[in-house]
Peer 1: 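The structure that follows is given in the form of C-alpha cells.
Values below: every heavy atom of this structure, side chains too, minus hydrogens, waters and symmetry copies.
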Amino acid sequence: MSSPLRVRFAPSPTGYLHIGSARTALFNWLTARHGGGQMLLRIEDTDADRSRPELIDLIFRTLGWLGLDWDGEVVHQSKRADRYRDAVESLLAAGHAYWCECRPDEVKARAQARGGKPGYDGHCRDRELGPGPGRVVRFRTPDEGETVFSDVIRGQVSFPNADLEDFVIVRSNGVPMFHVANAVDDLDMEISHVIRGEDLLPATPKILLLRRALSSESDPLFAHLPLIVNEKRQKLSKRRDDVAVEDYIERGYLPEAMANYLATLGWGPPDGIEIRPMPEIIELFELSDVTKSSAFFDIKKLDAFNGEYIRALPVGEFINRSTHWLFSNPPWPPENFSAGVFEFMAPHVQERVRTLSEVPGYVDFLFLDQPLIDDDSWQKVMEKDRVLAIQVLDVAIEQFESLEPWESKAISLAIIGWADSNGVKRQKAQAPVRVAITGRSVGPPLWESIEVLGRGRTLERLRSAKTRLATT
RNA sequence: GCCCCCAUCGUCCAGUGGCCUAGGACGCCGCCCUUUCAAGGCGGUAACACGGGUUCGAAUCCCGUUGGGGGUGCCA
C-alpha cells in the first residue's frame with residue numbers, strides 16, 4: 001500500500017515570487033492534479049530577519065494569477081515554533097543533538113587552522129553542555145557510512161556521511177532552522193513527494209537523517225527539479241536576472257502563456273505539442289519524465305508562446321486584457337482615448353503584439369494630437385526620396401479631400417490606384433502616407449488607421465508632413 | 001579545496017541498443033503572400049563534448065577525461 005499523494009510548495013517570503021519558485025510550484029501542482037493528490041502550501045518563515053510577511057499575500061496572488069490552487073490551510077512555520085522545539089527536545093534527549101557554544105568566528109578560525117576544510121569540527125560534541133546564552137543546538141551526524149535516497153528524477157543519490165558536518169538546528173536566539181522545520185513539517189503534513197529545486201539536493205541527506213532520528217519509518221520520495229538558468233547557465237538570481245513573476249505580469253504576459261511555457265522547462269509532452277491547454281498538460285504530465293539538466297529561461301520563446309496565446313484570444317477578451325496598459329501611464333493625454341477607436345483597431349493590434357505592454361505603441365498615433373515622428377523612419381521614407389514623398393502626399397491630400405465613402409477600401413483604392421497607374425510600387429506609395437499619419441514606417445494596417453483617424457485629422461497630418469518636408 | 005548533480009541543434013524538448021543519413025518547437029536565414037509590420041504557407045541552417053570499453057550493432061549501457069552547474073551559513 002502506498003501513502004496518498006501529497007505534495008507541497010514551500011516558499012520563503014523573502015522576496016517576490018521567483019520564476020524558479022513558480023516553476024517548482026507548477027510542477028508540484030501538476031503532480032498533485034495529475035495523480036489526484038493534494039497540493040499543500042507552507043510558508044517557510046523561520047528567519048524573522050529576512051522574512052517579509054507583507055509579501056505572503058502577494059505570493060498567494062501570484063500563484064493564483066498563474067492558475068495554481070492549493071488544498072487545505074496554509075501552514076506558517078513561524079506559528080509552529082513549539083512543535084519544532086518539542087522535536088529538538090526529543091533529539092537532544094536521544095543523543096541525536098547537542099548544545100554547542102562555539103561562535104561562528106571560532107568555528108571558522110579552527111577550520112582554517114586545520115587547513116582549509118570548512119565546516120564544524122565537532123568541538124562540543126561530547127562536552128555534554130546544557131542550554132545557555134549564545135548556545136546553539138547541533139545535530140550529530142554519523143561519522144561513517146552514507147545516506148542514500150531515491151530521487152524520481154535522478155535515480156539513486158548518495159552522500160558520504162563523513163562529509164556532513166554537525167549542522168546547527170537551533171539558532172542561539174532559540175529559533176529552529178530550516179532543516180528541522182522542514183523535516184518536521186513534511187512529516188506532520190504527511191508529504192509523500194518532496195518536489196523542489198536541485199539546489200536543495202545537498203540538503204537532502206541532512207533532512208533525511210533528521211527525519212530518521214525523529215523516528216520516521218519511511219522516507220518520502222524526492223524529486224529534484226533541474227534549475228532554471230540564465231544565458232550564462234547560472235541559477236537565476238534576484239540580483240542579476242529578471243526573475244520576479246510580478247514583473248512579467250506588468251510586462252503583459254498572459255498567465256496561461258507563462259504557465260504553459262514554464263511547463264516546458266524540464267518537461268515535454270510525449271507528442272511534442274508544446275502549446276496546449278493546462279488540462280491537457282495535467283493529463284500528460286509525469287514527474288518521472290522530467291529532465292535532469294538545467295534549462296535556460298528563454299524570453300524569446302516565452303514571447304512566442306505569449307504571442308500565440310494573445311492571438312488565440314477572442315477579440316473582446318483581448319480588449320479586456322489590454323485595458324490595464326491602455327490606462328496606466330499611456331503615452332497620450334488620457335482624455336483623448338476612445339474605446340470605439342481602439343476596438344476598431346484591436347483585431348489588427350492583437351495579431352501583431354507579443355506582449356500586452358506593446359499595445360499602446362500600436363495605437364498611440366490615434367490618441368496623440370500629433371504623431372510622434374520617428375527620425376529614422378522620416379529619413380528613410382521622406383528624405384531619401386523627397387520628390388516621390390511630396391508627390392504622394394499631394395495625391396493623398398487631393399484624393400482624400402473629396403473621397404466618398406470615407407472607408408478603408410476607398411482609401412486604399414485612392415492611393416493604390418494612383419500608384420498602379422503611375423508605375424509606382426504600392427509599397428513605395430504607402431510609405432510617405434504612413435509616416436505622415438503614424439510617424440513610423442511600421443505599424444498597423446494603414447487604410448484602417450486612416451479610416452478611424454477621420455478625414456479632418458488625416459488631412460491635417462498630411463499637410464503638416466508636407467510642410468515639414470518643404471522646410472527642412 | 002571537498003561533496004553532489006548534469007552533458008543531443010544557439011535555446012527548450014523527442015530519442016531509453018537496431019526504426020537516427022537524429023525528430024519537433026523557439027530563434028535565425030531565404031522564398032511566397034502582402035500597403036508597412038505582423039500573421040500564415042513553403043524551404044533552409046544547425047547537435048549526439050572527448051577518449052576508451054561492452055555489443056553483431058550505441059546518442060542510447062559501463063569507465064575515464066573535459067566542461068558546466070549546485071552545495072559547502074546561527075539563509076532557505
Side-chain angles (χ1 to χ4, degrees), chain A residues 10-14 44-47 49-51 77 100 102-104 107-108 115-119 134-138 151 153-154 157-160 162-165 167-175 177-179 181-182 196-205 224 226-227 229 231-235 261 264-275 289 291-305 307-308 311 348-354 362 377 381 411-412 415-416 419 425-431 433-435 438 440-448:
Chain A
S12 179
T14 52
E44 305 219 324
D45 52 357
T46 60
D47 186 351
D49 294 339
R50 300 210 316 149
S51 289
Q77 291 191 328
C100 166
C102 301
R103 302 235 147 241
V107 173
K108 205 174 171 189
K117 261 197 175 172
R135 291 183 182 175
V136 300
V137 177
R138 287 182 183 274
D151 187 292
I153 298 167
R154 280 149 224 286
V157 183
S158 67
F159 289 81
D163 291 324
L164 262 32
E165 62 171 327
F167 54 95
V168 174
I169 56 176
V170 179
R171 300 175 173 86
S172 57
N173 64 5
V175 180
M177 289 192 67
F178 164 69
H179 301 283
N182 191 274
R196 38 145 61 153
E198 194 196 346
D199 50 342
L200 256 8
L201 196 54
T204 307
H224 286 94
L227 257 23
V229 299
E231 62 289 339
K232 286 156 80 181
R233 303 221 65 90
Q234 294 163 322
K235 179 169 89 160
Y261 175 66
T264 68
L265 256 30
W267 177 81
D271 59 10
I273 299 171
E274 296 181 308
I275 297 185
D289 289 341
T291 312
K292 293 171 173 173
S293 43
S294 51
F296 170 56
F297 186 74
D298 188 354
I299 308 265
K300 283 223 179 119
K301 189 155 179 178
L302 205 212
D303 283 346
F305 272 48
E308 279 222 30
R311 273 175 258 124
H348 304 295
V349 177
Q350 181 177 11
E351 202 173 287
R352 289 166 172 74
V353 296
R354 312 195 103 192
Y362 275 89
S377 298
V381 174
I411 293 167
S412 85
I415 301 299
I416 284 184
K425 282 198 162 181
R426 294 174 170 192
Q427 181 180 336
K428 286 280 181 192
Q430 61 92 36
V433 180
R434 178 181 294 280
V435 173
T438 72
R440 305 187 192 93
S441 56
V442 300
L446 225 207
W447 321 131
E448 284 77 1

Peer 1: Has the side chain of A/Ser377 got a donor or acceptor atom that lies under 3.5 Å from a matching backbone atom of A/Ser441?
Peer 2: yes
Peer 1: Taking a pair as Watson-Crick or G-U wobble with both distances under 3.5 Å, which nucleotide is matched to B/A7?
Peer 2: B/U66
Peer 1: Atom CZ of residue position A/Arg233 - does it have more than 12 heavy atoms of other residues, nucleotides or ligands inside 6.0 Å?
Peer 2: yes
Peer 1: Is any side-chain heavy atom of A/Glu198 less than 4.5 Å from a side-chain heavy atom of A/Ile153?
Peer 2: no
Peer 1: Distance check, P atoms only: B/A59 and B/C20, in whole angstrom units.
Peer 2: 13 Å
Peer 1: What distance, rounded to whole Å, do you find between the two C1' atoms, one in B/A22 and one in B/A47?
Peer 2: 9 Å
Peer 1: Quick one: pull up OG1 in A/Thr264 and CD in A/Glu274 and give me the separation to the nearest 0.5 Å.
Peer 2: 5.5 Å
Peer 1: When rounded to the nearest Å, what value does the distance between C1' atoms of B/A7 and B/G30 take?
Peer 2: 33 Å
Peer 1: Can you tell me the distance, in whole Å, between the OH atom of A/Tyr261 and the C1' atom of B/C12?
Peer 2: 6 Å
Peer 1: For the atom pair CD1 (A/Ile299) and NZ (A/Lys301), what is the distance rounded to the nearest 0.5 Å?
Peer 2: 13.5 Å
Peer 1: Tell me the partner of B/A46, counting only Watson-Crick (N1-N3 plus N6-O4 or O6-N4) or G-U wobble (N1-O2 and O6-N3) with both under 3.5 Å; none if nothing fits.
Peer 2: none
Peer 1: With sugar-phosphate meaning primed atoms plus P, OP1 and OP2, does A/Asp289 contact a base, only sugar-phosphate, or nothing at under 4.0 Å between heavy atoms?
Peer 2: sugar-phosphate
Peer 1: Is the phosphate of B/G68, meaning OP1 or OP2, less than 4.0 Å from a side-chain N or O of A/Ser293?
Peer 2: no
Peer 1: When rounded to the nearest 0.5 angstrom, what is the spacing between CZ in A/Phe178 and OG1 in A/Thr46?
Peer 2: 9.0 Å
Peer 1: How close do A/Pro226 and A/Ser293 get, counting heavy atoms only, and between which atoms?
Peer 2: CB-O, 3.1 Å
Peer 1: Find which nucleotide of RNA chain B each of A/Asp199 and A/Ser172 is nearest to by heavy atoms, and output the residue with the more 5' nucleotide.
Peer 2: A/Asp199
Peer 1: Would you measure the distance from the P atom in B/C4 across to the matching atom in B/G64 and give it in whole Å?
Peer 2: 12 Å
Peer 1: Is the backbone N or O of A/Pro444 less than 3.5 Å from a side-chain atom of A/Arg352, with the two atoms forming a donor-acceptor pair by type?
Peer 2: no
Peer 1: Determine the contact category for A/Thr14: base if any of its heavy atoms lies under 4.0 Å from a base atom, sugar-phosphate if only primed atoms, P, OP1 or OP2 are that close, otherwise nothing.
Peer 2: nothing
Peer 1: Just the rounded figure in Å: distance from P of B/C4 to CZ of A/Arg196.
Peer 2: 18 Å
Peer 1: By the 4.0 Å heavy-atom rule, please label A/Phe296 as base, sugar-phosphate, or nothing.
Peer 2: sugar-phosphate
Peer 1: Out of B/C12, B/U72, B/G69, which has the shortest distance to the side chain of A/Thr264?
Peer 2: B/C12
Peer 1: Taking 4.0 Å as the cut-off, does a side-chain nitrogen or oxygen of A/Lys235 come that near to OP1 or OP2 on B/G71?
Peer 2: yes
Peer 1: Any donor-acceptor pair, under 3.5 Å, between the side chain of A/Arg154 and the base of B/C5, if you only look at N and O atoms?
Peer 2: no
Peer 1: Answer yes if the side chains of A/Thr204 and A/Arg196 hold a donor-acceptor pair under 3.5 Å, and no otherwise.
Peer 2: yes
Peer 1: When you match A/Leu227 and A/Gln77 each to their closest nucleotide on RNA chain B, which lands nearer the 5' end?
Peer 2: A/Leu227
Peer 1: Provide the distance between the two C1' atoms, one in B/C50 and one in B/G68, to the nearest whole Å.
Peer 2: 15 Å
Peer 1: Considering every strand and a 4.0 Å limit on heavy-atom distances, what is the contact class for A/Val168: base, sugar-phosphate, or nothing?
Peer 2: sugar-phosphate
Peer 1: What does A/Arg233 touch in the nucleic acid at a heavy-atom separation under 4.0 angstrom: a base, only the sugar-phosphate, or nothing?
Peer 2: sugar-phosphate
Peer 1: Treating primed atoms plus P, OP1 and OP2 as sugar-phosphate and everything else as base, which nucleotides of nucleotides 26-36 of chain B get B, S or - for protein heavy atoms under 4.0 Å?
Peer 2: SS-------BB
Peer 1: Applying a 3.5 Å limit to both distances, which nucleotide forms a Watson-Crick or G-U wobble pair with B/G1?
Peer 2: B/U72
Peer 1: Provide the Watson-Crick or G-U wobble partner of B/G23, both distances under 3.5 Å; none if there is no partner.
Peer 2: B/C13
Peer 1: Using a heavy-atom cut-off of 4.0 Å across all strands, would you classify A/Thr438 as base, sugar-phosphate, or nothing?
Peer 2: nothing
Peer 1: Taking the C1' atom of each, how far is B/G27 from B/U45, in whole Å?
Peer 2: 11 Å
Peer 1: Which whole number of Å gives the distance between the C1' atom of B/U21 and that of B/A46?
Peer 2: 15 Å
Peer 1: Under 4.0 Å between any heavy atoms, over every strand shown, what does A/Leu200 touch: base, sugar-phosphate, or nothing? Just pick one.
Peer 2: base
Peer 1: Can you find a side chain N or O atom of A/Arg171 that sits less than 4.0 Å from OP1 or OP2 on B/A76?
Peer 2: yes
Peer 1: Base, sugar-phosphate alone, or nothing: which one does A/Gly307 contact when heavy atoms must sit under 4.0 Å apart?
Peer 2: nothing
Peer 1: Donor-acceptor pair, A/Ser12 side chain versus A/Glu44 backbone, under 3.5 Å?
Peer 2: yes
Peer 1: Applying the Watson-Crick and G-U wobble criteria at under 3.5 Å, what pairs with B/C56? Answer none if nothing qualifies.
Peer 2: B/G18
Peer 1: So what does A/Cys100 hit on the nucleic acid, given a heavy-atom distance under 4.0 Å: a base, only sugar-phosphate, or nothing?
Peer 2: nothing
Peer 1: Taking the side chain of A/Lys292 as its heavy atoms from C-beta onward, which of B/U72, B/A7, B/C12 lies nearest to it?
Peer 2: B/A7
Peer 1: Given the P atoms of B/G1 and B/C13, what is the spacing between them in whole Å?
Peer 2: 29 Å
